[in-house]
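Right, one structure below, let's go through it.
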Amino acid sequence: QVQLVESGGGLVQAGGSLRLSCIASGRTFSIYAMGWFRQAPGKEREFVAAISWSGRTIYYADSVKGRFAISRDNAKNTVDLQMNSLKPEDTAVYYCAAEGSGTAFDIRRYEYQYDYWGQGTQVTVSS
């Protein structure tokens, strides 16, 4: 099993920045692609960003492209999400996810493709 714990959420004004971190523990050698999703109040959870095991393949949702940056450190078992130019519509609970099998270069964009999930961290952007 793999456990994921997110941190770094909080309250920020529009235009500000936050950096989310997710650390994995347990059977971390089995982790391949990792991603971030978010769920706003009253809405379904949506894809934000994903990164392959190698770090060479990255994909962003159109809504965050150019503002967010995903990165990972396999030696530390972490994946980060740098969020800049935040908007009120970025307000949501952000979840880290990890895939338990795959390849070094694949990324995953859909919830069902991930095997492990964190508990989430709240991000609130005030206008």
Connected to Val93, directly or through other members, by ILVMFWY side-chain contacts below 4.5 Å are Phe37, Phe47, Tyr59, Tyr95, Ile107, Tyr114, Trp117

Following the transitive rule for hydrophobic clusters with a side-chain heavy-atom cut-off under 4.5 Å over Ile, Leu, Val, Met, Phe, Trp and Tyr, establish whether Tyr60 and Phe105 coincide in one cluster. no

Heavy-atom side-chain contact between Trp36 and Glu6 under 4.5 Å: yes

Under a side-chain separation threshold of 4.5 Å, the hydrophobic residues clustered together with Val5 are Ile23

Thr124 side chain vs Leu11 backbone, donor-acceptor pair below 3.5 Å: no

Expected output: side-chain Ser54 to main-chain Ala104 donor-acceptor under 3.5 Å: yes

Can you run down the disulfide bond (SG atoms under 2.5 Å apart) pairs that involve residues 43-123, sequence neighbours left out, and say none if there aren't any? Cys22-Cys96

Pairs satisfying salt bridge (charged side-chain N to carboxylate O under 4.0 Å, His left out), at least one member in residues 115-127, at least two apart: none

Close side-chain approach of Gln82 and Leu20, heavy atoms under 4.5 Å: no

Atom CG of Leu81 and atom CE of Met83: how far apart are they, to the nearest 0.5 Å? 5.5 Å

Would you call Asp62 and Lys65 a salt bridge, using N to O less than 4.0 angstrom? yes

According to salt bridge (Lys or Arg N to Asp or Glu O under 4.0 Å), who are the partners of Glu46, at least two apart in sequence or on a separate chain? Arg38

Side-chain (Thr28) to main-chain (Ser25) donor-acceptor, under 3.5 angstrom: no

When the side chains of residues 68-76 are checked against the rest of the protein, which donor-acceptor pairs come out under 3.5 Å, sequence neighbours left out?
unit_1: Arg72; atom_1: NE; unit_2: Asn74; atom_2: OD1; d: 2.8
unit_1: Arg72; atom_1: NH1; unit_2: Tyr32; atom_2: O; d: 2.8
unit_1: Arg72; atom_1: NH1; unit_2: Ser52; atom_2: O; d: 3.0
unit_1: Arg72; atom_1: NH2; unit_2: Tyr32; atom_2: O; d: 3.1
unit_1: Arg72; atom_1: NH2; unit_2: Asn74; atom_2: OD1; d: 3.2
unit_1: Asp73; atom_1: OD1; unit_2: Ala75; atom_2: N; d: 3.0
unit_1: Asp73; atom_1: OD1; unit_2: Lys76; atom_2: N; d: 3.2
unit_1: Asn74; atom_1: ND2; unit_2: Trp53; atom_2: O; d: 2.9

Taking the side chain as every heavy atom from C-beta outward, state whether Val2 and Ile31 have any pair of such atoms under 4.5 Å apart. yes

